[in-house]
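This report concerns only the one structure given below.
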Amino acid sequence: MSLTPEAVHHIARLARIAMNADEEKATRDKLDGIFALIEAMQAVDTTGVEPMSHPQDIAQRLRPDEVTESDRRDAFQNIAPQTAGGLYLVPRVIE
Amino acid sequence: MSQTQWEVVIGLEVHAQLNTASKIFSAASTAFGAEPNRQASAVDLALPGVLPVLNRGAVERAIRFGLAIGGRVAEKSIFARKNYFYPDLPKGYQISQFERPVVEGGTLTLRVGEGEKAYEKRVRLTRAHLEEDAGKSLHEDFHGMSGIDLNRAGTPLLEIVSEPDMRSAAEAVAYAKALHGLVRWIDICDGNMQEGSFRCDANVSVRPKGEEAFGTRREIKNLNSFRFLQQAIDYEVQWQINEIEEGRTIQQATVLFDPDSGETRMMRSKEDAHDYRYFPDPDLLPLVINPDWIEVVKEDLFHQVGPLPREWHAKFESEYGLSRADAIALTPFPRIPHVFVAAAREAVQEGETVRATAKIAANWITNEYLRRWNESAEKHPTVEIPEGVSGELVGYLIRKVRQNEITARTAKDLLDEFWRNAEAIGFTAHGGTEGDIDRLIDQRGLKQVNDSGAIEAIVDEVLAANQKSVDEFRTGKEKAFNALVGQVMKASKGKANPTQVNELLRRKLGA
């Protein structure tokens with residue numbers, strides 16, 4: 001399987017990564033290499049093998065439903081580029 | 001223009017905010033209405049180096065839901081990253097579940113429509129999964145900037161996905177209402193729709209009747225009231241039918257409903273926005289729920305709220321002989337089925353079983369009792385209403401009516417009076433007792449008049465005084481007959497035996 005230039009461009013856009021044509025070409029070659037590896041691995045019979053979602057075979061630890069965080073807004077907003085009325089300000093986004 | 005009969009196909013995705021004290025992956029508070037960003041911790045802000053730690057309370061609520069719908073609670077489920085960019089999602093991904101959700105399957109049985117036309121509808125659930133809510137973007141008043149409040153970021157959500165089993169807006173609304181009632185019943189969500197605790201997305205498509213393949217669907221996002229859900233679907237269905245009948249094809253899309261114009265409009269085309277590139281979140285290990293834990297949750301749930309709605313429905317069908325649709329109407333919230341059971345049992349006369357009184361008691365509870373309850377709840381939103389009038393008292397009134405001791409009219413007046421008594425003392429006690437009923441019947445002379453001579457005299461008077469209604473009835477207006485019945489009942493102060501009044505009137509009018 002080989003990726004089309006359009007597919008690479010699309011994925012880059014979804015990830016908000018700006019690439020010029022040369023970079024897209026180089027990335028496409030790398031991705032093709034990864035897909036070739038995946039294709040080789042498809043040959044292995046995995047019938048009955050549970051898909052692995054995490055390399056460690058242990059379960060998620062849970063915490064009790066208790067509020068232990070205090071309000072640290074001032075400290076957090078000190079390092080923010082811009083704030084107003086307790087809100088973080090960002091370039092306007094509207095659909 | 002065309003004669004095609006269209007069938008509507010609807011599936012719903014509901015986001016229910018879980019009523020935990022703290023967030024799903026951080027120990028910040030979830031309380032509504034705080035000043036902006038006072039409840040946004042380092043985890044919620046996605047500051048570098050932080051890690052999510054899962055809230056046990058959120059998982060317990062998901063298990064409760066699985067039990068309530070008869071679904072499968074997964075022994076092992078996986079958290080995944082759903083990737084998209086938006087400023088109110090600081091990580092650049094939402095932690096959700098994708099391939100292995102915490103709950104799969106299950107059903108919800110609904111009552112659709114009112115009165116005699118009500119029918120039962122089974123809706124299958126696909127899945128329910130845990131995820132985190134995003135923050136809020138405010139687009140006004142910041143000199144061309146948007147303001148971001150991350151208090152809501154990380155609030156636990158249960159996303160509940162149905163199969164495309166609904167065939168009308170009415171069925172979709174009935175489903176949403178049933179689900180809304182259920183999440184409050186099992187106390188996992190406060191159901192406050194104004195505050196966004198319960199939000200619906202509707203997937204809507206149309207197809208020619210008889211066609212098996214689904215049409216292309218459009219998804220209406222973020223409907224936060226049952227009325228908007230109804231209006232949005234009605235508009236969308238008509239829009240899709242018009243498009244197809246005018247020769248255009250439907251493009252898959254996400255749309256928003258504008259309550260002011262009553263229209264849906266395109267928000268974004270699907271291909272891009274739905275390319276979320278899910279993958280298992282390496283920060284979170286698999287969630288393991290063993291059978292012992294499910295047992296503990298089941299026992300807690302029973303201890304706290306008693307039987308589940310579906311358990312009541314099965315009991316009311318098999319032991320009480322009610323239809324499923326009637327049984328569903330008796331389970332709007334946990335106390336009502338208990339009131340019904342007490343009423344049906346108390347209404348029973350010697351030699352009868354509850355099967356004899358179940359239907360009449362069900363009517364009294366769903367019409368008379370619940371109407372008064374809902375009116376009081378609306379008038380006093382902050383008052384806890386345990387019971388205005390006990391189920392036993394309603395049953396006693398029903399028994400008196402069935403024994404022809406008082407008319408239904410008198411019984412309803414007494415129910416009103418007792419309800420008002422209870423309301424006057426803030427529902428701290430019941431508004432009356434069985435002894436009060438006996439005493440008032442005696443003192444006020446409320447006994448039903450079963451003496452046909454006495455009723456005939458009233459009927460004659462009413463007929464003589466209402467020639468106009470008599471003439472109208474003779475020309476075939478059945479409404480005029482009801483007016484005459486009403487006049488006789490009024491003249492008898494509501495005490496005349498209604499069956500006898502009907503018979504006498506029909507005979508005298510030669511009908």
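Note on naming: letters A, B, ... go to the chains in the order of the sequence lines (proteins, then strands), and numbering restarts at 1 for each one.
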Task: A:Val67 side chain reached by B:Thr30 side chain, heavy atoms, under 4.5 Å - done: no
- [ ] Please step through side chain to side chain contact (heavy atoms under 4.5 Å, CB included) for the pair A:Tyr88 and B:Leu45, ending with a clear verdict.
- [x] CA-CA 11 Å; A:Tyr88 295 91; B:Leu45 263 59; 3.2 Å; yes
Task: Engaged part of B:Ala28 at the chain A interface, taking heavy atoms whose separation is under 4.5 Å - done: both
Open item on the list: Enumerate the salt bridge (charged side-chain N to carboxylate O under 4.0 Å, His left out) contacts for residues 17-26 of chain A, please, sequence neighbours excluded, ordered by first and then second residue.
Closed with: A:Lys25-A:Asp29
TODO: Test side chain to side chain contact (heavy atoms under 4.5 Å, CB included) on B:Met145 and A:Val90 and set out the steps.
DONE: CA-CA 6 Å; B:Met145 309 279 279; A:Val90 299; 5.8 Å; no
TODO: Identify the heavy atoms of A:Asp65 and B:Ser22 that sit nearest to each other, and give their distance.
DONE: OD1-OG, 2.7 Å
Got a list of side-chain donor-acceptor pairs under 3.5 Å for residues 68-76 of chain A, not counting sequence neighbours?
| unit_1 | atom_1 | unit_2 | atom_2 | d |
| --- | --- | --- | --- | --- |
| A:Asp71 | OD1 | A:Arg73 | N | 2.9 |
| A:Asp71 | OD2 | B:Arg38 | NH1 | 2.8 |
| A:Arg73 | NH1 | B:Pro36 | O | 2.6 |

Task: Backbone of B:Leu285 reached by a side-chain donor or acceptor of A:Gln60 within 3.5 Å - done: yes
Task: Heavy-atom proximity to chain A below 4.5 Å, by part of B:Ser137 - done: neither
Open item on the list: Are B:Ile148 and A:Leu87 packed together at the side-chain level, in the sense that at least one heavy-atom pair is separated by less than 4.5 angstrom?
Closed with: no
- [ ] Measure B:Ala80 against the heavy atoms of chain A and call it side chain, backbone, both or neither at under 4.5 Å.
- [x] neither
- [ ] Check whether any side-chain N or O of A:Arg63 sits under 3.5 Å from a backbone N or O of B:Val53 as a donor-acceptor pair, and report yes or no.
- [x] yes
Task: From CG (B:Asn37) to OG1 (A:Thr83), nearest 0.5 Å - done: 9.5 Å
TODO: Would you mind telling me which of B:Leu150, B:Val59, B:Leu284, B:Val288 has the largest number of heavy-atom pairs within less than 4.5 Å of chain A?
DONE: B:Leu284
Task: Residue B:Glu75 excluded, over 12 heavy atoms near CD under 6.0 Å - done: no
Task: Other residues, nucleotides, ligands: >12 heavy atoms within 6.0 Å of A:Arg61 CZ - done: no
Open item on the list: Strictly distance-based, threshold 3.5 Å: is any side-chain N or O of A:His54 a donor or acceptor partner for the main-chain N or O of B:Pro282?
Closed with: yes
TODO: Tell me, for B:Tyr93 versus chain A, whether the close heavy atoms (under 4.5 Å) come from the side chain, the backbone, both or neither.
DONE: neither
Open item on the list: Tell me whether A:Asp57 at atom CG has more than 12 heavy atoms from other residues, nucleotides or ligands lying less than 6.0 Å away.
Closed with: no
TODO: Below 4.5 Å from any heavy atom of chain A, which atoms of B:Ile24 appear? Answer side chain, backbone, both or neither.
DONE: backbone
- [ ] Would you please say whether a donor-acceptor pair under 3.5 Å links the side chains of B:Asp275 and A:His10?
- [x] yes
Open item on the list: Only pairs of heavy atoms separated by less than 4.5 Å count here; which of B:Thr20, B:Asn55, B:Asp281 has the most with chain A?
Closed with: B:Asn55
TODO: Could you tell me whether the side chain of A:Pro64 reaches within less than 4.5 Å of the side chain of B:Arg56, counting heavy atoms only?
DONE: no
